[in-house]
Each structure stands twice: as structure tokens, then as C-alpha cells.
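Working notes for the structure below.
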Amino acid sequence: MAAVKFHMLDITYKIVGDGVVILIFGKTDDGKRICLMDDSFEPYFYVLPKKKEDIEKLRPAIESVKISRDDYNFFVKRTEVLKRKLNGRLADVIKVTVNNPKAVPPMREEIAKKPGVQGIYEADILFVRRYLIDRKLTPLTTWEVEGEFINFRSRVSVLKAAKITQLSDDVAENLRVLAIDLETYSATREIMPTENPILMVSFYGTESLNNSKSRIFRKVITYKKFNTDKDYIEFVGGEAELIMRFKEVIDEFKPDVIVGYNSDSFDMPYLRTRANKHRIELDIGLDFSSLRMSKGQAEHAYIPGIAHVDIYRFIRNTMPTMLKTDTLDLDSVARELLGEGKAEADVSELATTWDRHPEKLEQYCEYNLKDSELAFGLFRSLFLNMAEMVKIVGLSLFDVTRMTFSQLVEWFLIKQTPLYEEIVPNKPEHADVKERITKTYQGGFVVEPKPGLYDDIAVFDFRSLYPSIIASHNISPSTLNCSCCEDKAKKVPLEGKNYWFCEKKKGFISQVIEELITRRMRISEIIKKEKEENKLLRARSQTVKILANAFYGYLGFYAARWYSLESAQSVTAWGRFHINKVIEKAQKEGFNVLYGDTDSVFLSLKGRSQKDALKFVEAINMELPGVMELELEEFYPKGIFVSAKIGEAGAKKKYALLNEHGAIKIRGFEMVRRNWSPIAREVQENVISIILREGDVEKAFNYVRKTMKELEQKKVPVEKVTIFTQIQKGLDDYENVGPHVAAAKRMLAKGYPMVAGSLVRYIVVQGKGKISDRVKLPEEVQEGEYDDQYYINNQIIPSVDRIFEVLGYSKEALLESKDQSKLGTFFK
DNA sequence: GATTGGCGGGG
DNA sequence: GTGTACGCCAATC
């Protein structure tokens, strides 16, 4: 018998004969990669009978179900009767254990048809997740494993586990992490993996993540020869050889984690497409299986045995509100989190350089390597946060880094259910989702932004508002309007509704969130006591807080298993009650409340110091009950507020703030993106910058006026009015012919292949009729051949009109200003 | 006014 | 893989 300390990195399963084995890949405390094999876990689900008396009739009927499908024999191994809680009520349920995870969906259908069956539960809990939850095993942390090494096809030794126990909370220290990045041939902005080869691949990694002295591994593989003294550049014979070397490097480096930036939807699928083209198997999985692309709405690239982390996905899912940057491209994110951006190189010139000036390729190799280095850096700087999320939610690094907040909350709740003997509610039926999606309810309290340009703004955040409300008012689907407290319970301050929550028994959700809150309080206590900064505890505290904050949104999320409109309504009702108190106090203190939304308040300091603002927060916090806390987010020397929907109630936030370091934080202006013309993007960026950095509204106005005039005089180059859009499906599948579809049809007529993913470039030209009747391709237009009025009215004006509107210039003013003679009246 | 379709990241 | 992405916005119907 061997006994090892083990850290899990990935988990999967394999069908063996009529049964199933769990395969757990990871590494031992002394750095060896191994695989645990566990054949002692079986798939199961629950059947809820209509009547308790039906149970003994139902059991034999269920036990006799047998299904044969795709060479598999599916059968029921046994049934048991258990007591479980469903929506707060105790019920007798039948636990049905089957032989194969793939048996569950057909079994579910078959058994649901039987008379006496009320419902089937937990038949959609993925097998490996079920394993981790039931065995109380946490990925990445330290397990103790006893067993014997066996022969089993795998790149690493396989230990047949006789006993696995959770030993401690300590995360693996010595991870081998390898970041990768591709550069590909692309003469246009279009990305076409079937047409264009990979030109380079870079690697940046370490043999031990926590050891700063550990050797750094750097490599760029490419296949066009040029003179260089960079020893990390390796030349191969062509693309096929590049892919073969890619596989070898992975095999030799033996990474525990592979990192990329947007690698789920770019690098990995690109590699796979190119490998297919060369008939190369991308069998880098530790069980010798291939890179697997799973396709839902979002693609995931899964490598059995290795934790592939797409760091962009993690950031996008869990961090955008915490970041100052509004765009999540690698350069912006790395600048903010690592303090350095991408290397200098014009990637749109790579294809030309490759074809005509290979001697200049070295800078592209440096650029390529830098991208890997940044992805690696982001992984290193966020690993604590990811690991904490893994520890709380209890699923693999791969899963956790790809989940949205609603999914994280849901799986966190699912993990708690065995402790409370709760049954996991089913996902809503399609019809329920459709109905729920239409339901709206009153949200947070909003003080309409007072549009304008302001100096010295202090922003306060009420971050723990909703979690503390859920805990202290016992808000849960199961405690809503209980029969035991109807007369005595405190009523939710919500006009027209008579809601209350049980004051005798804790609800599942409120109890779970209360434990999260107290856990965070304990962590905060320790942090306060310790003199030195404890990064681990800070990450833990932050992660708990983020998760707790997501509970409210989850309760009102249409696809949630524990959806409860009434609960969500009650949370916001109590929230409005509390924020109103803060606003009243701020006004009493003499601050100018510029804007408030749900859990945040923007105060203008004019005439008062930052110290006064800090004192104000302190005073508020003294009076707040329990865990509730108001925090200072940041001071901003300058900011502009725009109401997105002028005159309407519930205006959405739209503002740009300049912080003390000169960085601009923009919220709500993100509409000007790819499918807008470059000229519109450029104008919006420059206008915001001139107004905030130079404080010169007139200059910004003149700049826009000048640009519109240039448009009218046809001086703007065609590429700046060319709109890029991607075709998402076959042209015949479009019901509506939008401008991009019209352009695509023109391209098709000219013999360009137009499939899902094809990029369309078009220019709107003058003429009559719908916009889609007036699109032309870049090759069809002369310089200056564009509809200046379209670009002025549909591109330039919408990108800046709100900004000018709040500064006293109406849309009409912008338009009229084209007439020189009237200009004088706008500047007094 | 309601519905449809594209966007993000990546070269 | 016992599978669930999301929220915003313009153009068209």
C-alpha cells in the first residue's frame, strides 16, 4: 500500500465494462504527477412519489428498468428510501442508483412516465461534480490517499485508491504553469483558421509557481528563417512541424496548468483546426485523449488531466466590476493588474512582414512571447483568487474559472445541500424561463444623476448591503410567508405586497449566506490582528464577499434553481430603505448628492475636504447594524455624468471619471465597439479625453464640429467609415436583412465564400431607401463615396450627443453647428 | 413596440 | 457530457 499527499488538478471519468471509474489527475506533495483511480462511486438520482403509499409499488417498477443504447447496458443497481427536504418540507424520496452516468438521462425519461411519480431530482448533477461534493473532497487542497499502483493506460502512473480523505486546506505550492499564445497569418481583420496558418507559438512558464527563484521557461517556435541572437527562438520546417513541436514541448514540460488569454475561443480551437488540416492528433491529454472542444453558446477547451485556464474567461466572468478598465483586452487588463502592457508591434502588418520582410520578424517573436508572459503574469496574480473560489465552491479549477456568478452561487448552494439534507430543485422548464424572463420588479433606489461636469467627487459603495439583508431578514424561498408567523412577523416594506419571512426557522439560503458572512468576519478579525499583509486571507475574504454579493442577483435570475421573485423583491425593498437613510444623512451634512444607485452614492465635495468625506463614512458606519458597511471607493478630481435615457425614470448609469492618477474610468459608453465605424470610436474617445483631461468643452465641441465638416467635405478616408461586422449564420437563415446581411450578399454575389464567421466590411453610401439598400463594399467605392449624413446622424452624433447634451448643447445644436453662421450663439 | 442578431476577447 | 452564458443595443419588422 502506498500513501501519498495529493492535490487534484483535473477530474474525469471513464466507462469500463458495465461500470464506471473516476480518474483524478494531480500531483503529490513531492511534485510527481499521478492519477487516482476510484471505482467505488456510482451515479444516482432521486424520485419523489406522488403519495407516500406509492413507494413500495414504485420501487420494483423502477428496479426493473433496463435500457440498451449505443453498446451500453443501462440498469438500476438498487433503490433506497430516504427523508429529504424539498422547499422546506420533509418528504420520503427514493434514491435510485444506476450503473452508468450516461444511463441517467434515458432512465429519467423512462421513470418519469410511471404512474405515481411526482418528480425526479438531481438527475442533472454532472458525475464528477457529484463525486467531489459527496466525497467532500476539495480540488487543489491536500488530500491523503492510500492505494496501490496499477496498470492503466495513462501518461502518468495510476494509483488505484482504496481510501481518499481530505487532509487540509493547503493549496498545492509547486504548480508547473505554462502560458501559451499563437500568432497567425491574417491579411485582414478577419480570423479564418481554415485558411490561414499559425505562424508562431510562444511559451512562458515556471516549474514552481510560488518559488520566485524557479527557472523561467521561454520559447517561441516559428518557421520562417531570419537572423537573430535570441536564444528562445526555435526554427522548424513548417506549420505541421510547429504543431508537432507544440505537442512535444507540452509533453516535456509537463505542465499542471496551461494558461491562455481567450484561449477557449481562439488559440485552442485554432490549433485544433490547423492540426486537423495536417491530420495531426492533438492528443495532449494525460489519458492520451485529445483536446476536447465543448460547444454551447460559449466554447470551452478541455485537456484531460491538465487544468487549462483561460484567464480572460475568469476575468470576464468574475472581475469586470472590480477593474477600472472598461475593455478587457490583454493590454488594458495587464496594464491595470500587472503594471505593464503588450510589446510594441503592429500585428495587422504581421502577414505582410511574413511574406515580404522576414528579416523584421524578430519583433513579432518578442511580441508573441510577451503575450504569453502577460497571460502567465495574470494567472500568477489571480491564482489566489481562483484557488479560493475553487475551495469555496468545491469544483475543479477548469469549471470554476468558466462559471458566471449565478453558476458559482448555484454550485456553492448545491455543495451545501447534503449537510442540510436538502434536495436540489430542478432547473426551470423552458416555459417557466420564458415567463420568468418577462417578470420585472422594483430594483435599487436611484438618485437620478445630475448631468454635468463636476470637480472633486467621492464615491461610496455599500458592498455588503444585500447579503446582510438576506441573512438578517431570513430571506429564502422556503421561509416566505410561512403559516407559523403570519400575525407576528415584520412585514417587508413593499407597497401593495404582504410579504414576511419566518422568524422561527432559518431558511436554507439565508442560513448559508449567514455562515458566509460570519466566515468573512472571522477572516477580517485575523487580518486586523496580523501586522504583516496576508495575501491569502485577503483573497479569501474578497472571494467570500464576492460570492455573498451574488446571492441576491441569483434569487432573481430566471434560470436559477432557487429562483424566488418574492425574495428578490424583498431584498431590494429593504435595500431602498437603507440607502435612503444614507442619502438623507448626506444631505443633512451638506454634501451634494450627485448620483446614487442601489448601493453606491456619488458625492460632490465642493468646498469640503476628503477628510470630511471620510468622517462622514465613519459616522454612517457607527450607526449601521451588524455586518453592514459603507466603503469609500475612490476620489475623482473630475467627472462627467450623462443620463442614458433623458427624462425617463430609472436612467441608466453613464459616466466618465478621471482619477487621481490621470486614468479615465468610463461606464456605460461601451456601445461604440467593433460594429461601429472607426471614426465614431475615435470621436467619442477624443471628446471624453478633451473634456476630462483638458476641461475644455468648447474645444471638444469644435473638434466634433470639425470632424463633421470633414465628413461633409468627403475628406474622411474610406477606412474610417468602413463598418466591420461578422456574419453569424448562413445567409439564408436570416429573417431580417440588416445592412451587414445586405453587404454579405453582395460579397457572395462576387464569389466570396460567405459562411458563419465570415467578416463583412461595408460602407453606407448616399441614395434612397433603407440603410441595407445603400451598402457597398470597400472595393466598390471611391474615396469620399459615403453618405456623410448617415455617418453624422447614425455614428458621430449618437456617440457623443449625450455627453454634449448634459453640457448644454442639444443634439440640434450639434447638427446646426454645421452651419458656421450660427456657431457664435452656442458659446457665450 | 417587439423581435432579431451581433458584440465581447483573439490576429 | 447526468450541461446552463449574459446583458446591451441598433436595425428591422
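Chain letters run A, B, ... following the sequence lines, proteins first, then strands; residues in each count from 1.
Checked by atom type, the side-chain pair A/D181/A/S202 shows no donor-acceptor distance below 3.5 Å. A side-chain donor-acceptor contact under 3.5 Å links A/Q407 and A/T404. For A/D355 and A/Y185, the side-chain atoms include at least one donor-acceptor pair closer than 3.5 Å. A donor-acceptor contact under 3.5 angstrom links the side chains of A/S677 and A/Q795, judged on distance only.
Taking the six-membered ring where the residue is Trp, A/Y44 and A/F41 present perpendicular rings, their angle passing 60° and hence far from 30°. Relative ring orientation between A/H300 and A/F398 is described as perpendicular, the plane-to-plane angle rising above 60° on a 0-90° scale split at 30° and 60°.
Within the 4.0 Å cut-off from OP1 or OP2 of B/dG11, at least one side-chain nitrogen or oxygen of A/K342 is found. One finds a side-chain N or O of A/Y790 lying less than 4.0 angstrom from the OP1 or OP2 phosphate oxygen of C/dA11. OP1 or OP2 of B/dG11 has not a single side-chain nitrogen or oxygen of A/Y364 nearer than 4.0 Å. At B/dG11, none of the side-chain N or O atoms of A/S348 fall inside 4.0 Å of OP1 or OP2 (strictly under the cut-off).
The residue A/K102 sits apart from the nucleic acid: no heavy atom pair falls under 4.0 Å. A/Q407 comes within 4.0 angstrom of a nucleotide base, judged by non-hydrogen atoms across all strands. Nucleic acid contact for A/D267: none, since no nucleic acid atom lies under 4.0 Å from a heavy atom of the residue. If you check every strand for non-hydrogen atoms under 4.0 Å, A/N736 touches sugar and phosphate atoms only. The residue A/Y302 sits apart from the nucleic acid: no heavy atom pair falls under 4.0 Å. Using a 4.0 Å heavy-atom distance criterion, A/Y13 is classed as a sugar-phosphate-only contact.
Taking the side chain of A/P739 as heavy atoms from C-beta on, and the options C/dA11, C/dC13, B/dG10, the nearest nucleotide is C/dA11. Considering only the side chain of A/E410, C/dT4 comes nearest among C/dT4, B/dC7, B/dG11. Candidate nucleotides C/dA11, B/dG11, B/dG10 were compared by shortest atom distance to the side chain of A/D329, and B/dG10 ranks first. For A/N794, counting side-chain heavy atoms from C-beta on, the closest listed nucleotide (B/dG11, C/dA11, B/dG9) is C/dA11. Comparing atom distances between the A/Y261 side chain and each of C/dC13, B/dG9, C/dC6 picks out B/dG9 as nearest. Comparing C/dT4, B/dG11, C/dC13 by their closest approach to the side chain of A/V347 singles out B/dG11. For A/L350, the side-chain atoms get nearest to B/dG11 when compared with the rest of B/dG11, C/dT12, C/dT4. Comparing C/dC13, B/dC7, C/dC6 against the side chain of A/T404 picks out C/dC6 as the nearest. Side-chain proximity of A/W676 to the nucleotides C/dA10, B/dG11, C/dT4 is greatest for C/dA10. Taking the side chain of A/A298 as heavy atoms from C-beta on, and the options B/dC7, C/dA5, B/dG11, the nearest nucleotide is C/dA5.
Checked by atom type and distance alone, the side chain of A/D124 never pairs as donor or acceptor with a backbone atom of A/N426 at under 3.5 Å.
Atoms CD (A/E183) and P (B/dG9) sit 18 Å apart, rounded to a whole Å. Atom CZ of A/F266 is separated from atom P of B/dC7 by 16 Å (rounded to the nearest Å). As a whole-Å value, the separation of A/M403 CE from C/dA5 P is 11 Å. Rounded to whole Å, atom C1' of B/dG10 lies 5 Å from atom CG of A/N262. Put simply, CG on A/L378 is 13 Å from C1' on B/dG9, counting in whole angstrom units. Across the protein-nucleic acid pair, A/H300 atom NE2 and C/dT4 atom C1' stand 9 Å apart, rounded to whole Å.
Partners of A/Y131 by side-chain hydrogen bond (donor to acceptor under 3.5 Å, both in side chains), not counting sequence neighbours, listed by chain and number: A/D38. For A/S348, the side-chain hydrogen bond (donor to acceptor under 3.5 Å, both in side chains) criterion is met by A/D346, not counting sequence neighbours.
Between C/dC9 and B/dG9, the two P atoms lie 15 Å apart (nearest whole Å). Spacing between C/dT4 and B/dG10 at atom P, rounded to whole Å, works out to 30 Å.
The base of B/dG11 does not come close enough to the side chain of A/T184 for any donor and acceptor atom to sit less than 3.5 Å apart.
Contacts between residues 304-317 of chain A and DNA chain C, counted as heavy-atom distances below 4.0 Å, involve A/R316.
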